[in-house]
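A short worksheet on the structure shown next.
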Amino acid sequence: MTLRTSRVRALAGVLALVAGTLTVLAPPAAAAPTRYEAESATISQGAVESNHTGFSGTGFVNGDNVAGSYLEWTINAPSAGTATLAFRYANGTTSNRPSDISVNGTVVAAGRAFNPTTNWDTWATATLTAQVVAGANTIRATAGSAGGNPNWDYLDAEVQSTNFTDYQAETATIAQGVVESNHAGFTGSGFVNYDNVTGSSVEFAVSASAAGPQSLTFRFANGTTTDRPMSVTVNGTTVAVSQSFPGTGAWTTWQEISLNAPLNAGANTVRATATTVNGGPNLDRLRVSGPGDTEKPTSPGQPVCGDITSSTIKLDWPPSTDNIGVAAYDIYQQGQLIATAPAPPYTLTGLSPDFPYQLSVFARDASGNVSLSSPEANCRTLPAPPDGVPTQPGRPTVSGVQPTSATVTWGASTDDNGVRAYLIRDHATGTVLHTVTGTPPATTSGVPLECAHTYQLDVVARDTANQLSTPSAPSASFTTGGCGTVPQPPTSVAGGWDVPWDISWAPDGSYALVTERDTFKVFKVTPSGTKTQVGTVPNVQTTGGEGGLMGLDFSPTWNGTTDQEVFFMHTASEGNRVAKMTFNGTSLSGYTSLLQGIDKNRYHNGGRIRFGPDGYLYVTTGDAQSSGNAPNLNSLNGKILRITKTGAAAPGNPFGTRVYSYGHRNPQGIAWDSAGRLWESELGNSSRDELNLIQPGKNYGWPTCEGTCSTSGMTNPKYTWSVSEASPSGIAIVNNTIFMAALRGQRLWRIVLNGENVSTVNSSFNGTYGRLRAVEKVPNASAIWFGSTNSDNNGDGSADTIRRSDIQ
């Protein structure tokens, strides 16, 4: 007889197959509903009344007949889980009075219908379910039309504990297997197809809030008639020598097998390994019965630099605390990880001499939970001890000249401590066009160049002490060929900015709105350069790094009268938010939070928002310096989200949630080409920045991959750059050519598209205008606006300018 175990459910028993016996696990206890009277809730634009019969308590709430009036209850949940929310209401009109229901700021039911109840003395109940956190939760009902809300009597809330944690197989460590999605019925983004060999395996990183036995439930499919047994180990100890995974009838028929095993508090590994030449079954997920460790360590204290040399800094800081224990500390230079320390103090090595470092420390526990940032330490290494500068490189020769590139070859330099890099420069201006690194660095390289430009190139060697050689003799003069869609010398539109982060044009193209990240101000800018502040976005906080007031976009149907909605993404007290305000063409007013639950940190906040051709809002979110967020489909971080104007998941999303794509580190720019394909620019960590073609449901690799890799289930970028040449932010598309602003690279990259691929890549304005962040196409013109952000914490402090460049 084949035992088919039931799925673990909140209100049903769990069948666990343990050592050949059938064990019934008792269902979690259900709590009785708790009643929250409307008259005791928070009322916005409404009043408590008692002039209609049949209400509970001392009265009911009659909301004003305006869109946006709301009632907000605060309910208490004994634990995180699924809440059943029953709203008792009366609607004595003949029309539906829809309401947006949000939980802790996140809309869980947009435009929920509250239909007529015959008269105001007749009460009805509308029920829905939503996820809540342990402790206090806010439940808000916001009127979605000019008729206002119905009359509210009370809210009954019953919370069923979520007594399990799911781990998707496709995000686990796979040995001899591939991620696939060609059989229906899987959860998450796919499943693992084991190779048909003994020893193929999937290993899950599992966390537990406390030590003790827990149920491990594997969801699988076996479309053969042959058992595919697997050994199961926990933390290297075998808990099942040959656990049966029998045939399920078809590859689209999924079943569950459960067994019990002891887990440690914090991090654990659970591995399922095939024991026969048939390999394992298709594995969908592992469900662990108890809650995982989700508590973040506290933030480390103020780091202090000591024992500074030309290449080392001893960094010390007050340690963090954690409910289970801190496993390590990650040390960042601005937004890039440069070291991991077991504990303070820690000596950083291999640093550049005479260089300013802005260091932040983050605590991480064994379950991968990452703290918020420590305060920042600003330290500078000492100048390098005197030694010989590199010798002059040989004169470069240029070959293979194309309109946007050429190959350059030169004679090697020598140095007493080794050459660290070669800088290939425009001899006329001294601008570095390309940097070649390595041990030792190569003496030939391709170089991106501008179209229809005459060059002489020289080469400078740099040693380990950052000393530069005498420039080589210049190459022979050469001229690149002409090509279309070339940025022309720009003109200034408006200056005097303080970190202009994003630009969004009004639908009629008569002006643009611009956000300032650190001042939280919004400005209206006309094509002629007239600049007027129209308001400040409330509830914004900075992170001391890359958070604050970031992206904005007009509603696609904005007209200043019947549609006045403008949308923003910003950092707030609890994390990052998507919000909307009213803009009548002159000033901003009102404020509604649409989407919360997006973690924040000093860096990696994402922040770009754009309405797509389909009318839905796309949102880029960074991993909040916790790389485990990126592949986790239950997290809103490290994603591109696709949502409605109310903050709900857009119809047709690949997982039925707000997530559109995942596996992102810090996505910044998004834009659509003429065929409606979505392109995205992304900041890498220490080696490669990326340009990605975004497709729904795809995993873009972080943290498994940075740049191109060959890991199954990962989607590779269409083009990559070194982080010194790019650190990309905004992108715009003109005539199927992407223009990408570069921060650290201090240039505007030009990327010509050929369908779903990249044909040619080169750059303009190399080092001319400093750090570039915002870039946006000018409506009804072959032109772009782009803005510098030299006034931010990574720039030289100079005021910023927005410029216009025609594309010819």
Side-chain angles (χ1 to χ4, degrees), residues 403-404 426 428-429 431 433 448-455 480-497 499-506 509-514 523 525-531 608 610 668-674 679 681 691 721 725-753 760-790 795 798-808:
T404 61
D426 182 338
T429 63
T431 300
L433 303 176
L449 302 170
E450 295 189 36
C451 308
H453 190 88
T454 298
Y455 287 97
T480 56
C483 50
T485 63
V486 175
Q488 303 302 299
T491 57
S492 176
V493 175
W497 296 95
V499 193
W501 205 95
D502 203 8
I503 301 167
S504 178
W505 285 89
S510 60
Y511 60 86
L513 292 182
V514 179
F523 292 86
V525 185
T526 67
S528 64
T530 301
K531 174 183 171 186
R608 199 76 57 184
R610 286 290 182 270
Q668 288 281 294
I670 49 176
W672 287 261
D673 64 21
S674 62
W679 296 84
S681 60
L691 176 74
W721 295 262
E725 293 176 315
S727 295
S729 191
I731 63 173
I733 298 180
V734 181
N735 298 327
N736 284 336
T737 298
I738 294 176
F739 296 94
M740 185 179 81
L743 294 163
R744 187 173 169 187
Q746 299 190 14
R747 65 196 73 184
L748 185 73
W749 285 97
R750 171 184 174 271
I751 306 138
V752 179
L753 302 177
T760 58
V761 177
N762 69 318
S763 61
S764 298
F765 317 139
N766 298 316
T768 307
Y769 304 114
R771 294 166 56 82
L772 305 183
R773 184 180 297 277
V775 57
E776 189 70 10
K777 183 184 182 298
V778 177
N780 307 313
S782 182
I784 57 172
W785 278 13
F786 65 92
S788 63
T789 53
N790 298 309
S798 59
D800 293 306
T801 300
I802 291 176
R803 295 175 170 86
R804 172 183 169 128
S805 173
D806 292 331
I807 308 300
Q808 298 178 359

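This one's a predicted model, so the numbers in the text were calculated from it and none came from an experiment. Computation of the quantities below employed the complete heavy-atom set of this structure, encompassing side-chain atoms and omitting hydrogens, waters and symmetry-equivalent molecules.
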**Asked** Any idea which heavy atoms bring W679 and I731 closest together, and the distance?
**Response** O-CD1, 3.5 Å

**Asked** Could you give the distance from CD1 (I738) to CG (L753), rounded to the nearest 0.5 Å?
**Response** 4.0 Å

**Message:** Using side-chain contact (heavy atoms from CB on, under 4.5 Å), reason through I802 and F523 one step at a time and then give a plain yes or no.
**Reply:** CA-CA 12 Å; I802 291 176; F523 292 86; over 6 Å; no

**Request:** Run the salt-bridge test on E450 and R747 with the 4.0 Å N-O cut-off and return the result as yes or no.
**Result:** no

**Prompt:** With distance as the sole criterion, is a donor-acceptor pair present between the side chains of R608 and S729 under 3.5 Å?
**Reply:** yes

**Prompt:** Any side-chain heavy-atom pair from V734 and I784 closer than 4.5 angstrom?
**Reply:** yes

**Message:** To the nearest 0.5 Å, what is the distance between CG on N790 and CZ on R773?
**Reply:** 10.5 Å

**Prompt:** Any idea how Y769 and F765 line up, ring-wise: parallel (<30°), tilted (30 to 60°), or perpendicular (>60°)?
**Reply:** perpendicular

**Message:** For a 4.5 angstrom cut-off between non-hydrogen side-chain atoms, does R771 reach D800?
**Reply:** no

**Complete:** Value for CG (L433) from CG (N762), rounded to nearest 0.5 Å, stands at 11.0 Å

**Asked** When the aromatic ring centroids of F786 and F739 are compared, is their separation below 6.0 Å?
**Response** no

**Message:** How long is the straight-line distance from CG of N766 back to CG of L449, given to the nearest 0.5 Å?
**Reply:** 9.0 Å

**Fill in**
The reported gap from CG in N735 to CG in D673 (rounded to nearest 0.5 angstrom) is 12.0 Å

**pair P403-T760: side-chain heavy atoms closer than 4.5 Å** = no

**Asked** To the nearest 0.5 Å, what is the distance between CG (L772) and CH2 (W749)?
**Response** 12.5 Å

**Prompt:** Are a donor atom and an acceptor atom from the side chains of D426 and T431 found within less than 3.5 Å of each other?
**Reply:** no

